[in-house]
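In the text below, chain A, chain B and the rest are named by the order of the sequence lines, each starting its count at 1.
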Amino acid sequence: MINSPAELEQLRQEILSKRNSNKARISICAGAGCLATGAGKVIDAFNAEVEKAGLTADVNVKGTGCPGFCERGPIVVIDPAEICYLQVSPQDVPEIVSETIKKEKVVDRLVYSDPAKNEKAIREADIPFYKNQERNIIGNNIKIDPKVIDDYLALRGYSALVKALFQMTSEQVLEEVKKSGLRGRGGGGFPTGIKWEAARKAPGETKYVIVNADEGDPGAFMDRAVLEGNPHSILEGLIIGAYAIGSHEGYIYVRQEYPLALENVGVAIKQAREYGFLGRNILGSNFDFDIKVHRGAGAFVCGEETALLLSLEGKPGEPRARPPYPATSGLWGKPTNINNVETWANVPLIINNGADWYNQFGTARSKGTKIFSLVGKIKNTGLVEVPMGATLRDIIYKIGDGIPGGKKFKAVQTGGPAGGCIPEEHLDIAVDFDELTKAGAIMGSGGMIVLDEDTCMVDVARYFLNFLTQESCGKCSPCREGVKQMHRILTNITEGRGKEGDIELLEELAMSTGSASLCALGRTAPNPVLSTIRYFRHEYETHIKEKRCPSFTCQGLVSYYVDPAKCDACRICFRECSSHAIIGGKNLIHIIDQAKCNACGTCFEVCPARFGAVIRISGEPVPARIPDEMRIIVRQRRVKREKQDERSLHTD
Amino acid sequence: MNSEKIEQIIDNHHGEAGSLIQILLDIQNEFHWLPGEALDLVSKKLQIPLSQIQHTATFYKAFSLVPKGRHEISICMGTACHVRGAPRVLEVVQQITGLQPGETDADMKFSLDTVNCLGCCALGPVIEIDEQHLGKVAPAKTAELLKNYE
């Protein structure tokens, strides 16, 4: 138990002095993404190999937080040389230990390389994916074993808390956060300092502070990475916030779909209590504060703060009208302040370095950095942290390395189900809260899904409305009915039943749902529809008027048939078709039974490129099937032999 | 059903009504569903009407009111997986298993569910079988994949 700032500094020095900076350290990303690609086995292999080589005392092996480069996981960083190995498998481990650890040689095939651009990078900092980022928040993840508090302390951890508690009054902490211009990272973009001030000023003894880690946007996982990878940074931010607001009780609301985040947060809270960062009289400051963890049970709407509060009380999470805002009447009717994970992660940085330092990052009205999860049709899937104001083009091309498979970029969808799609011509806008809203999308929590020419924009709108139909809690009718009707119309359009006037009807429904719904879920539900109509109206029209899906996505508008001139009767599609819709046989040109075919496209994919016999069409009729007597394939070899026979006859 | 286990779970949360969701989650994790008798017991011990417990149990997706099969298949329908072909993976799995999302087959072999995002988008389309992630799933190879489960 640490009882004063001096004791903490002493402990920190002890930790640092025990850590020889020349000692080899092997850090393996143990985030959920890398674990899914086998990082657990890589960690085991390193431990076994280091032991086998008798190096246990000289080498430190640890599983760490996620550094963000999911595309090339599992990721291994070897310090002090700062060598970064990508896509490491357990089979690579003996070589890494014998070459890099023992002989300080780089294993060439495991470092970053891009043969097309003739680029190579050994250090993490030189890899283009990282080089173009500003990693204030997730940069430390790879240096920290989230289950070891000393790792956080070694990196100045909890020094912002000491500064807040011992060198600043709670008013000064609040003023610093206000001055920093920090805005809520969960999607709302509301100024954090002003929110804190409202809760601070609200009358009442008992006040609550809450971490909203109910990250529900599909394709967004930055909060998970911070919570899993650097949980103490969230705890530190929350304790500082509690001090500024005058709260002694906090909650972390984590969705139960994030088991590793739950585990790491649980361990972090236990360690923080043991060290005296939580509990009574924190570090001898007379300030008391403790945290409980609440598991969310899988409801997207619980990300909305009034729904989250009800869920915390053990009830179904159905939002209520605001005001009263949670700042005056929140959890169990008490003043409550809720911020998103990433917002809390910014707080220790602001207190440690000052609002002026923080203000150097970002644009006039959006300060600091933002983590985006860059996913979809992109070469480098992963988490990227950039200063507010970076352009979409830089994020997608410089960091994400563009679209895979030589395909053309079509749009980028930002902000999750409440967001919108931004086309090519707006790629140069500076990404901040206001610019994205102007373009018809939103920052949201930071999901960034890249779409290429093979993506149908009507289908994307239908996808999000389907999501929202399922997640609408049903309490208010504009959302319950409006979202459902928009989804029905979009489904009709994608299945070939679209009719004149549908686009206008969608616009009208969007307007009323957006303006009359109770909470943000319904109010923002029209965004995916309106933004796709705004930029891709022609795709809607093609679906409605020509019954054609230009990107061949909407199964109801696409047909497949076999080109008799190209089919070689190889029987691959015949075997793979799960609908048994292919009429085939040995040496028989295959035919697709249109009555059975569900247009899943498997035959199109498995047909060998050298034949390319399966043809897909949309908006035009399928050619008539060829008569059975013409289906027999006479093999070339046989023809050749016949010709040879003929020739030999002549020569005879 | 093991009522002792359920009582223990309720006691772990000090029998507080505000812990209803946490208690139901623990029961769900223990039994992989919420047996009716368990809900009766929770209702009695926490003094919450069964109708309110049903409201909560049907509101949140984590809860199942029917037993699950030996193998739980979750198909990620997140946006990144969607644009990379998840709907087709789902369709093939539905065809092979004969199940709709939320259903379990008669011999309790497979349960099928869709999830909104598993958060390993680099691997999309992703399916999860018995908590194991399988990435870059090709619809055509799905039948082969499911043959590995008994």
**Student:** Hey, which of A/Arg575, A/Glu605, A/His294 has the most heavy atom pairs under 4.5 Å with chain B?
**Tutor:**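 When all of A/Arg575, A/Glu605, A/His294 are compared, A/His294 has the most.
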**Student:** Could you check which of A/Cys70, A/Gly376, A/Gly216 has the highest count of heavy-atom pairs closer than 4.5 Å to chain B?
**Tutor:** A/Gly376
**Student:** Tell me, side chain or backbone of A/Thr455 under 4.5 Å from chain B's heavy atoms, or both, or neither?
**Tutor:**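 Contact with chain B involves the side chain of A/Thr455 alone.
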**Student:** Got a sec, which residues hit salt bridge (Lys or Arg N to Asp or Glu O under 4.0 Å) with A/Lys315, two or more places apart in sequence or on another chain?
**Tutor:** A/Glu313
**Student:** Just so I understand: if I count every heavy-atom pair under 4.5 Å between each of A/Ala32, A/Cys603, A/Gly416, A/Gly317 and chain B, which residue has the most?
**Tutor:**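 Looking at each of A/Ala32, A/Cys603, A/Gly416, A/Gly317 in turn, A/Gly317 comes out on top.
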**Student:** Can you tell which part of A/Asn598 gets under 4.5 Å to a heavy atom of chain B, answering side chain, backbone, both or neither?
**Tutor:** both
**Student:** Before accepting this row, confirm whether a basic side-chain N of the pair A/Asp452/A/Lys407 lies closer than 4.0 Å to the acidic partner's carboxylate O.
**Tutor:** no
**Student:** To the closest 0.5 Å, what do you measure between CG (B/Asn2) and CD (B/Glu7)?
**Tutor:** 10.0 Å
**Student:** Considering residues at least two apart in sequence or located in another chain, which fulfil the side chain to side chain donor-acceptor pair (under 3.5 Å) criterion with B/Asp26?
**Tutor:**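 B/Asp26 satisfies side chain to side chain donor-acceptor pair (under 3.5 Å) with A/Arg295, B/His13 once adjacent residues are dropped.
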**Student:** Quick check on the structure: residues of residues 123-136 of chain B within a heavy-atom distance below 4.5 Å of chain A, by number.
**Tutor:**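 B/Leu123, B/His133, B/Lys136, listed by number.
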**Student:** Relative to chain B, which segment of A/Glu471 carries a heavy atom at a distance below 4.5 Å: side chain, backbone, both, or neither?
**Tutor:** side chain
**Student:** Going from CZ on A/Phe464 to CG on A/Asn466, what distance comes out if it is rounded to the nearest 0.5 angstrom?
**Tutor:**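 Spacing of CZ (A/Phe464) from CG (A/Asn466) equals 11.0 Å.
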**Student:** Suppose a student defines contact as a heavy atom less than 4.5 Å from any heavy atom of chain A. Which residues in residues 46-61 of chain B would they list?
**Tutor:** B/His55, B/Thr56, B/Phe59, B/Tyr60, B/Lys61
**Student:** Around atom NZ of A/Lys334, are there more than 12 heavy atoms from other residues, nucleotides or ligands closer than 6.0 Å?
**Tutor:** no
**Student:** Measuring heavy-atom distances to chain B, does A/Leu374 have an atom under 4.5 Å in its side chain, in its backbone, in both, or in neither?
**Tutor:**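 No part of it gets close to chain B.
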**Student:** Are the aromatic rings of A/Phe467 and A/Phe300 close, with centres under 6.0 Å apart?
**Tutor:**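 Yes - the distance between ring centres of A/Phe467 and A/Phe300 falls below the 6.0 Å cut-off.
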**Student:** Start with the C-alpha gap between B/Ser111 and B/Glu72, add the side-chain angles, then the distance that decides, and say whether side chain to side chain donor-acceptor pair (under 3.5 Å) holds.
**Tutor:** CA-CA 5 Å; B/Ser111 292; B/Glu72 291 183 41; 5.9 Å; no
**Student:** For the NZ atom on A/Lys41, are there more than 12 heavy atoms of other groups (residues, nucleotides or ligands in this structure) within a distance under 6.0 Å?
**Tutor:**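 No, the 6.0 Å shell around NZ holds no more than 12 heavy atoms from other groups.
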**Student:** What residue in A/Val606, A/Asp459, A/Val301 has the most heavy-atom pairs under 4.5 Å with chain B?
**Tutor:**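 Winner by heavy-atom pair count: A/Asp459.
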**Student:** Using a 4.5 angstrom heavy-atom cutoff, name the option from A/Arg72, A/Glu71, A/Gln256 with the most pairs to chain B.
**Tutor:** A/Gln256
**Student:** Taking NZ, NE, NH1 and NH2 as the nitrogens, is one of them in A/Arg224 or A/Glu228 under 4.0 Å from a carboxylate oxygen of the other?
**Tutor:** yes
**Student:** Is chain A contacted by the side chain of B/Gln22, its backbone, both, or neither, given a heavy-atom distance below 4.5 Å?
**Tutor:**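 Contact with chain A involves both backbone and side-chain atoms of B/Gln22.
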**Student:** Measure across A/Glu257 and A/Gly298 and return the closest heavy-atom pair with its distance rounded to 0.1 Å.
**Tutor:**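 Taking every non-hydrogen atom into account, OE2-CA, 3.6 Å.
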**Student:** Given heavy-atom pairs under 4.5 angstrom as the criterion, report whether the side chain, backbone, both or neither of A/Ser311 touches chain B.
**Tutor:**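 For A/Ser311, backbone and side chain are both near chain B.
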**Student:** How far apart are the closest heavy atoms of B/Thr104 and B/Gly69, and which atoms are they?
**Tutor:** CG2-N, 3.5 Å
**Student:** What are the two closest heavy atoms between A/Cys302 and A/Ala307, and how far apart are they?
**Tutor:** CA-CB, 3.9 Å
**Student:** Most heavy-atom pairs under 4.5 angstrom with chain B, which of A/Gly219, A/Pro316, A/Gly33?
**Tutor:** A/Pro316
**Student:** Can you give me the closest heavy-atom contact between B/Lys141 and A/Glu576, atom names plus distance?
**Tutor:** NZ-OE2, 4.4 Å
**Student:** With a cut-off of under 6.0 Å to the ring centre and 45° to the axis, is A/Arg255 in cation-pi contact with A/Tyr258?
**Tutor:** yes
**Student:** Check each atom of A/Ser579 against the heavy atoms of chain B and say whether the ones under 4.5 Å are side chain, backbone, both or neither.
**Tutor:** both
